[in-house]
Amino acid sequence: MKLVVVKNDQEMSQTAARFIMEQVKRHPHSVLGLATGGTVVGTYAQLIDLCKLEKQSFQHVRTVNLDEYVGLSSENLNSYHYFMRDHLFDHIDIPVENYHLPNGLAKIPANECERYEQLIESLGGIDLQLLGIGRNGHIGFNEPGTSFLSRTHVVRLTESTRQANARYFPSLEEVPTEAITMGIATIMNSKKILLLVSGKHKANILQQLFYGPLDERIPASILKTHPHVTIIADEEAVSLLDRNDLEVNMT
Ligand code: PGA
């Protein structure tokens with residue numbers, strides 16, 4: 001894992017947007033794996049600005065998102081479909097048929113998982129997967145205990161994840177209890193992975209990721225075995241890492 005330490009959330013977003021931009025410039029037909037959540041909001045804003053400034057087209061880019069809540073339509077303000085249109089897709093020139101998320105309203109969610117896996121395969125796999133990390137180490141909605149061999153599946157959300165996401169909903173009761181998420185093996189199949197970590201509340205999990213064991217109780221720990229992972233983390237997030245580890249990697 002390559003660690004890039006930046007000052008704060010804003011610098012993390014700028015660095016991440018540049019990273020994604022370089023991927024698209026080099027490979028205009030890239031398949032990007034995208035994420036939702038507070039961490040990536042700034043990255044998408046910066047990416048939109050970069051697209052305008054540098055007149056970069058996303059005409060040929062295809063995207064697949066990590067996850068979607070079960071039971072929410074793409075028009076629901078809290079769906080990840082809506083989040084992605086609001087924060088990115090509606091502001092760049094990616095054609096609507098080029099971006100994909102799991103269908104949260106699928107009649108048979110298990111079939112939807114199968115369809116999503118096949119879709120990713122038909123696109124030729126993911127070239128660059130963007131990831132955030134949960135305080136409990138989840139990636140996508142793969143909660144602690146998820147098999148490292150998992151493919152796209154339906155998950156029951158843990159209470160800690162529902163509470164963390166409740167800030168976006170009118171009340172905790174309205175946070176869905178299930179989601180469809182790419183599995184850990186699906187994520188690990190990506191050719192490159194970009195993990196973003198910012199804030200003091202992520203310092204603990206970043207410390208565990210660096211110094212803890214490879215363990216299904218910490219889903220993100222599998223990333224240590226991937227050959228092309230770049231972590232962009234801010235000073236607060238790296239505050240519990242060994243200074244020696246930081247100095248080597250400081251940008
Ligand atoms: P956050 O979520 O960006 O809202 O902190 C990240 C995650 O849970 O994967």
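This chain uses plain numbering: 1 for the first residue, then up along the sequence. When a ligand or atom number is given, it counts from 1 through the structure's own listing order.
Side-chain contact check for N76 and Y69: no donor-acceptor pair (N or O, by modelled atom type) lies under 3.5 Å.
Side-chain atoms of Y80 do not come within 3.5 Å of backbone N or O of G37 as any donor-acceptor pair.
Shortest contact from atom 8 (O) of ligand 1 to any protein heavy atom: H138 NE2, 2.6 Å. Nearest to atom 1 (P) of ligand 1 among the protein's heavy atoms is T39 OG1, 3.5 Å. Among all protein heavy atoms, the one lying closest to atom 6 (C) of ligand 1 is I133 O, 3.6 Å. Among protein heavy atoms, atom 4 (O) of ligand 1 sits closest to G38 N, 2.9 Å. In this structure, the protein non-hydrogen atom closest to atom 2 (O) of ligand 1 is K202 NZ, 4.3 Å.
Close approach to G37 involves these atoms of ligand 1, each under 4.0 Å from a residue heavy atom: 3 (O), 4 (O). Within ligand 1, counting atoms from 1 as listed, the ones closer than 4.0 Å to a heavy atom of G132 are 9 (O). Here is the list of ligand 1 atoms found below 4.0 Å of a heavy atom in R167: 4 (O).
Note on I184 and V154: separate hydrophobic clusters, where clusters join Ile, Leu, Val, Met, Phe, Trp and Tyr whose side-chain heavy atoms are under 4.5 Å apart, directly or indirectly.
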Give the table of side-chain donor-acceptor pairs shorter than 3.5 Å for residues 211-218, with sequence neighbours excluded, one pair per line with atom names and distance.
residue	atom	partner	partner atom	Å
Y211	OH	D242	N	2.8
Y211	OH	D245	OD2	2.4
D215	OD1	R217	N	2.8
D215	OD1	R217	NE	3.2
D215	OD2	R217	NE	3.2
D215	OD2	R217	NH2	2.7
E216	OE2	F148	N	2.9

Please output the side-chain donor-acceptor pairs of residues 85-92 that fall under 3.5 Å, not counting sequence neighbours, one pair per line with the distance.
residue	atom	partner	partner atom	Å
R85	NH2	S74	O	3.1
H91	NE2	D86	O	2.7

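Checked against a 3.5 angstrom limit, the closest N/O atoms of Y168 and ligand 1 fall outside it. Close N/O approach between V40 and ligand 1 is not found [any backbone or side-chain N/O within under 3.5 Å].
The number of heavy atoms from other shown groups lying within 6.0 Å of NZ (K224) is above 12.
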Verdict with reasoning, N136 to E143, per side chain to side chain donor-acceptor pair (under 3.5 Å): CA-CA 8 Å; N136 63 5; E143 302 286 15; 3.0 Å; yes

